[in-house]
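Quick notes on the structure that follows.
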Number of protein chains: 2
Amino acid sequence: MKFSKKRKLILDFILNNDKHLTADSIYLELKKDNPELSLGTVYRNLAQLSENELIKKISLNGQIDVFDKNLEKHGHLICDLCNSINDIDISPLEETIKKMSEKNNVSMTNYELTLHGVCKICENEIKE
Amino acid sequence: MKFSKKRKLILDFILNNDKHLTADSIYLELKKDNPELSLGTVYRNLAQLSENELIKKISLNGQIDVFDKNLEKHGHLICDLCNSINDIDISPLEETIKKMSEKNNVSMTNYELTLHGVCKICENEIKE
DNA sequence: ATAGGTGCAAAGTCTTTGCGCTTAA
DNA sequence: TTAAGCGCAAAGACTTTGCACCTAT
């Protein structure tokens with residue numbers, strides 16, 4: 001994989017960002033300082049970078065794909081109110097899920113867990 | 001909610017089918033005997049029926065939504081080879097997930113678990 | 001030198017929607 | 001009767017792709 005200027009730009013942006021980013025949000029943000037950047041390039045790079053496991057592609061609630069710098073196995077919490085996405089540790093489930101796949105007689109290659117609820121920030125706003 | 005002929009047609013088809021169906025597959029299948037059926041109607045009915053909890057909308061791996069007659073809480077196994085979707089029992093995780101949401105300090109409303117791997121049928125084909 | 005990357009715009013896929021007609025309750 | 005549903009076709013949202021030019025290696 002070649003490391004073009006655009007590719008570095010996109011990768012750095014993701015690595016230096018704590019949010020879960022959509023292709024479009026990356027495009028819009030980077031376009032501010034790089035007006036010639038095209039959305040197609042962003043999509044092509046996100047595909048390339050996630051194939052090469054430098055970032056992680058997450059298909060959560062259908063609609064929009066989101067990209068994550070956290071390559072570790074983890075779950076997501078999507079807030080019902082603000083739609084924010086937060087990573088959660090799912091190591092406590094690891095064992096049970098493995099057993100489950102054995103019980104179902106399947107050789108598991110991967111799994112995804114997504115919780116829906118109200119995030120801490122929104123919870124606090126309600127209390128006020 | 002009114003129970004029009006088309007709505008009954010679509011609901012019955014889902015309830016009498018064991019597969020996880022996409023809007024398009026429902027449309028194509030029903031159109032055979034109901035040539036005037038339109039895809040918009042299928043989408044509108046699927047939305048309506050799942051809002052009223054007669055069927056369940058499942059957004060799995062991003063792209064396409066799928067509809068399920070199984071209203072019980074359950075997980076899904078998507079086969080890496082044939083892309084089939086099978087329901088799996090996730091009751092063994094219930095407790096741990098609840099604890100996890102408490103630990104993360106969020107009021108959980110729902111969760112989804114999807115396993116990826118090789119289903120029994122494909123597994124057997126490989127062995128042969 | 002050249003395989004791979006880029007911008008741009010067109011096309012693709014899935015889903016929603018506006019409109020005038022139809023139908024269940 | 002009338003709110004809700006329908007067919008149709010157009011539009012939306014997100015993503016991919018073809019092409020001619022450019023650039024990292």
Report summary line: Rounded to whole Å, CG of B:Leu49 lies from P of D:dA4 at a distance of 16 Å

Query raised in the report: Starting at CD of A:Glu36 and ending at C1' of D:dT23, how long is that distance when rounded to a whole Å?
Result: 14 Å

Query - N or O in side chain of B:Ser4 less than 4.0 angstrom from D:dG5 OP1/OP2 - result: no

Query - Toward the 5' end of DNA chain C, by each residue's nearest nucleotide, B:Thr41 or A:Met1 - result: A:Met1

Query raised in the report: So what does A:Leu39 touch, heavy atoms closer than 4.0 Å: a base, only the sugar-phosphate, or nothing?
Result: base

Query raised in the report: What pairs of residues pass the salt bridge (Lys or Arg N to Asp or Glu O under 4.0 Å) test when at least one of them lies in residues 72-101 of chain A, not counting sequence neighbours?
Result: none

Report task. Select one nucleotide: of C:dG7, D:dG5, C:dT6, the one nearest the side-chain heavy atoms of A:Asn45. Result -> C:dT6

Report task. Quickly work out the A:Leu46 CG to C:dG5 C1' distance and round it to whole Å. Result -> 14 Å

Report task. Quickly work out the A:Asn34 CG to C:dG5 P distance and round it to whole Å. Result -> 18 Å

Query raised in the report: Are A:Leu93 and A:Leu113 close enough that some pair of their side-chain heavy atoms sits under 4.5 Å apart?
Result: yes

Query raised in the report: Please give, in whole Å, the distance from D:dT16 C1' to A:Tyr43 OH?
Result: 9 Å

With 3.5 Å as the limit, what N/O pairs link the protein to nucleotides 19-23 of chain C?
unit_1: C:dT23; atom_1: O2; unit_2: B:Lys2; atom_2: NZ; d: 3.4

Query - Within residues 9-31 of chain A, residues whose heavy atoms come under 4.0 Å of DNA chain D - result: none

Query raised in the report: Do B:Leu49 and B:Tyr27 share a hydrophobic cluster, counting only Ile, Leu, Val, Met, Phe, Trp and Tyr and linking them when any side-chain heavy atoms are less than 4.5 Å apart?
Result: yes

Query raised in the report: Does the side chain of B:His76 pick up a donor-acceptor pair with the side chain of B:Glu112 at under 3.5 Å?
Result: no

